[in-house]
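Notes follow the structure.
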There are 2 protein chains.
Amino acid sequence: MNVTGHTRRPASIRDVATAAGVSYQTVSRVINGHPSVRPSTRERVLAVIDELGFRRNATALALASGRSRAVTVLTANTTHYGYASILRGIEEAARAASYAVGIGVLESADEPAVAAEVQRAADASGGLIVIAYDPAGVRALAAVPAELPVVGVVETPTSPPGGDRPWVWTDDREAAHEATRHLLSLGHETVHYVAIPSSTRRTGARTTGWRQALQEAGAPEPRPVQGSWGPAGGHAAGLRLAKDPSVTAILCGNDDLALGVLRALHETGRSVPGDVSVAGFDDAPHSAYLTPSLTTVRMDFTGLGRAAFALLHGVLEESAPIAPHPVSVPELVVRESSGPPQAGG
Amino acid sequence: MNVTGHTRRPASIRDVATAAGVSYQTVSRVINGHPSVRPSTRERVLAVIDELGFRRNATALALASGRSRAVTVLTANTTHYGYASILRGIEEAARAASYAVGIGVLESADEPAVAAEVQRAADASGGLIVIAYDPAGVRALAAVPAELPVVGVVETPTSPPGGDRPWVWTDDREAAHEATRHLLSLGHETVHYVAIPSSTRRTGARTTGWRQALQEAGAPEPRPVQGSWGPAGGHAAGLRLAKDPSVTAILCGNDDLALGVLRALHETGRSVPGDVSVAGFDDAPHSAYLTPSLTTVRMDFTGLGRAAFALLHGVLEESAPIAPHPVSVPELVVRESSGPPQAGG
DNA sequence: GGCATGAATGTGACCGGTCACACAAGGCGC
DNA sequence: GCGCCTTGTGTGACCGGTCACATTCATGCC
């Protein structure tokens with residue numbers, strides 16, 4: 001292809017039309033698979049399309065048709081495992097549907113900054129997926145103008161922050177419930193919790209699940225320790241908890257926090273799982289290789305991302321059926337970091 | 001704003017023009033800051049723009065002007081720390097320049113699959129940034145049509161795979177050199193290397209730096225062990241190396257590999273750094289919190305991403321000066337996992 | 001006072017597609 | 001043989017901007 005050498009502008013449908021001896025509208029019909037085109041004509045046009053290396057101009061298509069075949073993901077974070085995996089799932093599904101994926105990072109949770117990002121994203125694409133696991137994301141979801149198609153990836157479906165917007169989620173509450181039950185079943189009197197920042201100022205879904213499991217077991221309910229997202233926050237929280245000798249089991253809001261907690265316990269001379277059991281959340285790739293390897297709850301973030309895109313896709317093209325909000329089921333993975341409390345605990 | 005309630009289509013420049021009693025061209029001049037508009041007219045138009053909530057349609061702008069103010073990042077990976085951080089840097093710089101950022105994942109390194117992704121990216125944006133640390137990325141960079149602006153993020157600047165395309169890089173060779181020297185200076189007879197998959201089939205920059213340091217010190221040159229990207233590969237490599245009692249120092253191509261190596265050494269009863277010293281690459285967020293904490297080389301991935309965008313920005317807008325390829329300097333971070341060999345080595 | 005000059009503004013075509021509609025030719029029923 | 005429907009194709013307007021050029025009007029200069 002490109003035999004003529006000094007080809008500058010890519011071929012348009014009118015170029016193809018001229019070369020094939022038909023009108024541009026006929027070319028348009030061919031590339032859109034319109035039925036009423038004589039087979040011989042279609043063949044000829046297709047041949048010219050191939051010869052000229054014609055590709056339909058996405059910008060012109062978007063302008064003329066009003067739909068852009070592009071979605072933008074708004075997220076506060078791109079490097080954390082969970083967020084990055086969701087993004088990966090979205091991209092995967094979008095690629096399969098020939099959609100372009102844009103990304104916008106919510107650097108700050110400031111109202112004006114968030115609004116600006118939402119605007120930027122709205123300008124660039126026909127639909128939005130907002131990862132609303134944190135205050136910035138929640139605010140962004142709320143700031144999306146009503147007429148713009150959007151799907152939220154939210155922490156919990158009860159009283160969704162975006163009103164009646166479609167959303168996807170994983171059952172974090174149940175997952176936390178299960179992990180807590182696991183630790184209790186090993187014989188621990190109670191389970192302490194190091195929390196990730198919640199999407200709302202009130203308690204998040206993971207905190208709720210943990211608390212419910214304690215209540216059901218009649219175990220004492222310690223105050224959750226506030227962590228951040230990263231290992232540094234877990235480390236600080238771990239140092240605080242290590243001071244209390246009655247602490248024998250710690251559930252962490254994610255694996256990064258758990259890593260920090262493990263480190264803090266190591267530094268203070270408490271063995272895991274001998275003195276203290278630790279469980280995380282997410283099953284990040286490194287968790288299986290830590291020493292001790294980390295008991296955690298595996299979340300299907302990639303599947304969550306795919307589901308989010310599928311939902312948005314359904315909204316954008318009436319043709320595509322809108323799947324019911326799919327709930328992926330988290331799975332407890334028991335590893336070395338959890339075990340029964342020591343006799344002399 | 002949006003007082004009228006049932007506003008449907010967003011306002012266009014002609015809507016603004018009508019409301020302000022001027023022609024659409026005058027509105028265009030105002031939003032583009034053209035000098036020859038009477039101040040009173042400008043005021044009036046700006047007021048109407050504000051009142052109608054007018055935003056310039058990015059699609060129409062792209063179609064009419066030919067430039068799209070959007071770049072697409074092609075990468076084989078979105079979840080690994082290094083890749084994700086580069087992406088973050090790109091997004092940051094793009095946001096500052098009011099550019100949209102798209103993302104395309106190279107799921108396979110197959111020639112046709114890669115070509116299809118490049119096409120998709122080309123359709124969606126005016127410029128590409130290709131992360132060419134791996135075969136898929138290298139192939140993608142080579143497949144970019146000559147007329148499309150592109151910047152490569154490459155492993156090593158010598159004989160760049162993309163020909164005369166602009167590129168950015170960090171000095172991985174020098175970084176590996178420094179890390180190896182560090183281990184040798186502790187008294188180790190030699191340093192073994194667990195390699196990441198290189199961008200080319202031949203030796204990568206990190207391997208070269210490691211080898212050079214060994215040669216300069218007159219140390220024996222063991223064969224590098226081939227790892228993959230993740231901890232699983234490091235674990236397998238670590239088990240192999242652990243069999244050899246003469247191994248006292250291991251340099252790993254990245255922190256994930258190092259994590260797997262640490263785990264393998266633990267499983268085989270070798271202490272770190274007592275029996276074996278381990279060093280990684282990248283300084284991922286969790287590396288400081290491992291037990292033992294990981295000696296590694298900190299790479300400024302975010303800065304690298306910013307530089308990549310700056311370069312592409314310069315190419316896309318003649319106005320923006322094309323900065324010289326900036327080399328960010330990696331920094332050795334010494335932690336617990338490296339120390340002198342035991343006397344009875 | 002006539003005219004070149006530049007500032008301020010408007011008009012028409014265009015970017016590359018889509019959409020609504022017009023129109024010619026062929027098959028069928030009556 | 002006429003009308004009518006269907007099939008295949010072409011024409012003009014439009015999406016929302018930009019660009020090149022035309023036009024109007026107030027100045028400044030000789």
Side-chain angles (χ1 to χ4, degrees), chain A residues 7-46 48-49 52-70 98 100 122-126 147 316-317, chain B residues 7-46 48-49 52-70 98 100 122-126 317:
Chain A
T7 313
R8 274 294 129 244
R9 244 190 255 308
S12 74
I13 53 168
R14 307 186 202 238
D15 298 331
V16 174
T18 309
V22 296
S23 78
Y24 54 82
Q25 182 59 270
T26 299
V27 177
S28 174
R29 289 199 183 92
V30 169
I31 58 186
N32 288 302
H34 190 97
S36 65
V37 174
R38 188 176 303 163
S40 63
T41 309
R42 183 189 310 279
E43 297 277 319
R44 191 152 33 100
V45 170
L46 286 175
V48 174
I49 283 177
L52 265 55
F54 167 82
R55 303 210 91 217
R56 188 219 241 108
N57 180 318
T59 304
L61 174 62
L63 180 59
S65 71
R67 12 176 146 270
S68 76
R69 295 194 78 73
S98 311
D123 289 349
S125 58
E147 64 272 18
L316 291 175
E317 315 196 358
Chain B
T7 313
R8 275 294 132 242
R9 241 190 255 312
S12 75
I13 52 168
R14 306 188 202 239
D15 298 331
V16 174
T18 309
V22 296
S23 77
Y24 54 82
Q25 182 60 272
T26 298
V27 177
S28 174
R29 289 200 182 90
V30 169
I31 60 187
N32 288 303
H34 191 97
S36 65
V37 174
R38 188 177 304 159
S40 62
T41 309
R42 181 189 312 278
E43 297 276 320
R44 188 151 34 99
V45 171
L46 285 175
V48 173
I49 283 178
L52 266 53
F54 166 83
R55 303 210 90 216
R56 187 221 242 106
N57 180 319
T59 304
L61 173 62
L63 181 61
S65 70
R67 11 177 149 268
S68 75
R69 296 194 79 73
S98 313
D123 290 349
S125 57
E317 315 196 357

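In what follows, chains are A, B, ... by sequence order, proteins preceding strands, each numbered from 1. Quick caveat, the model's predicted, so the values are computed rather than measured.
In this structure, A/Y24 atom OH and C/dG16 atom P are separated by 14 Å, rounded to whole Å. We find that CZ of A/R29 is positioned 11 Å from P of C/dC19, with the value rounded to whole Å.
Residues B/V37 and A/R67 each lie close to DNA chain C; by heavy-atom proximity, the contact nearer the 5' end of the strand is made by B/V37.
Phosphate proximity of D/dC15 to B/R14: absent, as no side-chain N or O sits under 4.0 Å from OP1 or OP2. For the pair A/S28 and C/dT18, the criterion of a side-chain N or O lying under 4.0 Å from OP1 or OP2 is met. Under 4.0 angstrom from either OP1 or OP2 of C/dG10 there lies at least one side-chain N or O belonging to B/S23. One finds no side-chain N or O of A/R42 lying less than 4.0 angstrom from the OP1 or OP2 phosphate oxygen of D/dG8. Between A/N32 and the phosphate of C/dT18, there is a side-chain N or O to OP1/OP2 separation shorter than 4.0 Å.
Using a distance-only test at 3.5 Å, with no hydrogens or angles considered, no donor-acceptor pair links the side chain of A/S28 to the main chain of A/Y24.
In this structure, of D/dG12, D/dT18, C/dT9, it is C/dT9 that holds the atom nearest to the side chain of B/T41. Listed nucleotides: D/dG17, C/dT18, C/dG10. Nearest to the side chain of B/A64: D/dG17. Residue A/N57 has its side chain nearest to C/dG17 when only C/dG17, D/dG16, D/dT18 are considered. Of the candidate nucleotides D/dT18, D/dC19, D/dT9, D/dC19 has the atom lying nearest to any side-chain atom of B/Q25.
For the atom pair A/R69 CZ and B/D123 CG, the distance stands at 11.5 Å (nearest 0.5 Å).
Backbone-only contact: B/L61 has heavy atoms under 4.0 Å from sugar-phosphate atoms and none from a base.
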